[in-house]
Amino acid sequence: MASFLSTVRRVYLTIYNWMVFVGWFQVLYLALRTLYETDYTHVYHAVEKPLQLAQTAAVLEILHGLVGLVRSPVTATLPQIGSRLYVTWGILWSFPETRTHVLVSSLVISWSITEIIRYSFFGLKEALGFAPSWLLWLRYSTFFIFYPTGITSEVGLIYIALPYIKASDKYCIRMPNKWNYAFDYFYAAIVALGIYFPGGLHMYLYMIGQRKKALSKSGKKD
Amino acid sequence: MNMKVLVVSRSGREIIKGGVELKETAIVSDLNRAIHHRMRKYYPSRQRLTLPLQPGSQGKPVVLDPRKKVREYFRGNEEKLTVVLKDLGAQVSYKTLFFWEYLGPLIIYPIFYYYPAIYEYIGYTGERIIHPAQTYAMYYWCFHYFKRIMETFFIHRFSHATSPLSNVFRNCAYYWSFGAYIAYFVNHPLYTPVSDLQMKVGFGFGLLCQVANFYCHILLRNLRGPSGEGGYQIPQGFLFNLVTCANYTTEIYQWLGFNIATQTVAGYVFLVVAASIMTNWALAKHRRLKKIFDGKEGKPKYPRRWMILPPFL
């Protein structure tokens with residue numbers, strides 16, 4: 001019974017990882033093709049649907065961690081997925097004025113390359129039981145470039161959205177109300193910007209630590 | 001008769017060259033003092049002394065009890081007595097920690113009540129009406145934290161005198177931030193009070209719970225001697241016959257009373273967070289007491305009780 005369940009788990013995770021891989025591959029392909037054929041102002045429109053689908057599917061990963069299907073700690077995946085969903089839905093989808101900015105291109109390229117490597121890595125591991133060492137190396141090395149570019153793009157897009165957020169009343173709760181609560185999306189965005197600096201640093205250092213562990217382990221295996 | 005005790009770090013490195021000399025009859029706190037005498041940095045509350053772990057053995061190392069004789073830990077008459085010293089980092093007394101945690105809310109909350117200029121600065125102009133609920137809330141809140149400070153200095157008896165310094169920053173951030181968060185909304189110019197009856201029920205219930213909480217603290221105090229001796233005891237009397245951590249229970253219900261009376265999302269968020277923290281503590285305490293009072297070797301068996309929130313836990 002146990003090995004049947006573990007096979008089901010493997011099959012499910014294999015399918016999950018490869019499907020999301022395809023989603024991100026589409027994002028990268030469409031982004032590059034649009035940049036080649038037209039210009040950066042059209043990138044968002046081209047990638048919107050696969051981007052939203054692939055990024056939102058990542059919510060399942062929190063579930064996987066919670067129920068123990070995978071080993072990743074929820075504390076590491078939650079801030080990453082949180083910031084991605086915030087930018088995808090809370091900024092780009094909610095404030096269309098941001099969509100034509102060049103940072104959208106750097107954003108989707110950084111995200112998609114990172115995710116293509118990550119999902120193919122996990123997809124192979126679940127399907128075959130191992131992943132080639134060059135893929136392992138890619139997974140734990142490309143972040144040196146794409147974390148900074150991705151985080152800069154995220155922070156930049158939030159910053160650009162600020163005047164539009166302030167002008168609109170979207171997602172704001174005003175007083176007076178029965179529950180004496182207020183929420184200002186503009187100030188929340190400022191707080192979010194503030195969190196990016198220590199948060200981004202923490203994630204970067206975490207990845208450096210993970211890199212040491214992963215690359216030294218594979219070195220020892222041979 | 002003297003004996004020599006070597007003091008090493010967890011990695012085996014000698015911390016005090018040549019060790020310290022102690023009388024044969026010395027107790028562990030004499031050892032603490034001797035170490036402090038040799039190295040001023042390591043005042044006794046910063047030291048954690050354990051017996052060296054035998055290589056290959058599992059389990060936690062034995063922590064030395066300050067009241068026991070040093071010799072008691074070394075029955076084999078060994079020549080070299082070795083203890084392992086861990087630096088717990090800078091320590092503050094619990095009284096200091098609690099005082100600063102509680103002082104923040106006590107001062108910050110009334111600032112929002114007495115200085116509506118804060119709200120004008122953010123953009124809420126116009127005349128401001130103060131509802132009775134807001135005034136009572138301020139008195140209730142300030143009484144609560146004043147009570148806590150008084151209990152810290154006159155009621156509570158602490159078993160471990162100190163807490164790491166880093167906890168001061170962490171705990172103050174928690175109390176002070178939530179204090180400001182709640183104070184902002186309850187004292188807001190656009191605050192909507194609940195019905196008069198609901199407000200009275202809320203504050204009345206809350207006050208009752210605060211009195212009960214105070215009595216719980218008195219009962220807990222009497223379990224220990226003046227310098228915190230007594231170790232773990234089975235709490236008895238009043239609500240403790242029903243609930244292990246009746247002090248936390250009354251504290252949680254007291255905040256519930258405050259929130260029923262003031263009705264803010266911020267207040268309820270605080271209630272949930274505080275309740276989960278206290279529930280964690282209560283579960284751990286209940287388990288520890290059950291483990292110690294297992295009914296064997298003449299020890300009483302810990303009675304069946306709720307842990308913290310009847311009828312759920």
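Within every chain, numbering begins at 1; the chains are lettered A, B, ... in the order of the sequence lines, protein sequences first and strands thereafter. Bear in mind the structure is a predicted one, so any value in this text is a computation, not a measurement.
Applying the 6.0 Å contact sphere to CZ of B:R10 captures no more than 12 heavy atoms from other residues, nucleotides or ligands. Atom CZ of A:F197 has 12 or fewer heavy atoms from other residues, nucleotides or ligands within 6.0 Å. Shown here is A:Y196, whose OH atom has more than 12 heavy atoms of other residues, nucleotides or ligands within 6.0 Å. For A:F183, the CZ atom sits in a packed shell: over 12 heavy atoms of surrounding residues, nucleotides or ligands are nearer than 6.0 Å. Around OH of B:Y181, the count of heavy atoms belonging to other residues, nucleotides or ligands within 6.0 Å exceeds 12. The number of heavy-atom neighbours closer than 6.0 Å to CG of A:L128, taken from other residues, nucleotides and ligands shown, is above 12. Summarising the local packing, NE2 of A:H45 is surrounded by 12 or fewer heavy atoms from other residues, nucleotides or ligands at distances under 6.0 Å. Surrounding OH of B:Y139 are at most 12 heavy atoms belonging to other residues, nucleotides or ligands under 6.0 Å away.
Identified by a heavy-atom distance below 4.5 Å to chain B, the contributing residues of residues 143-180 of chain A are A:M175, A:P176, A:N177, A:K178, A:W179, A:N180, in residue-number order. Within residues 101-121 of chain B, no residue has a heavy atom under 4.5 Å from a heavy atom of chain A.
Screening residues 139-150 of chain A for salt bridge (charged side-chain N to carboxylate O under 4.0 Å, His left out) gives no qualifying pairs among residues at least two apart or on separate chains.
There is no contact between B:Y184 and chain A, counting heavy-atom distances below 4.5 Å.
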For residues 54-62 of chain A, dump all side-chain donor-acceptor pairs below 3.5 Å to protein atoms at least two apart in sequence or in another chain.
residue : atom : partner : partner atom : Å
A:Q55   : OE1  : A:R84   : NH1          : 2.8
A:T56   : OG1  : A:Q52   : O            : 2.6
A:T56   : OG1  : A:W89   : NE1          : 3.0
A:E61   : OE1  : A:R118  : NH2          : 2.5
A:E61   : OE2  : A:Y16   : OH           : 2.6
A:E61   : OE2  : A:Y119  : OH           : 2.4

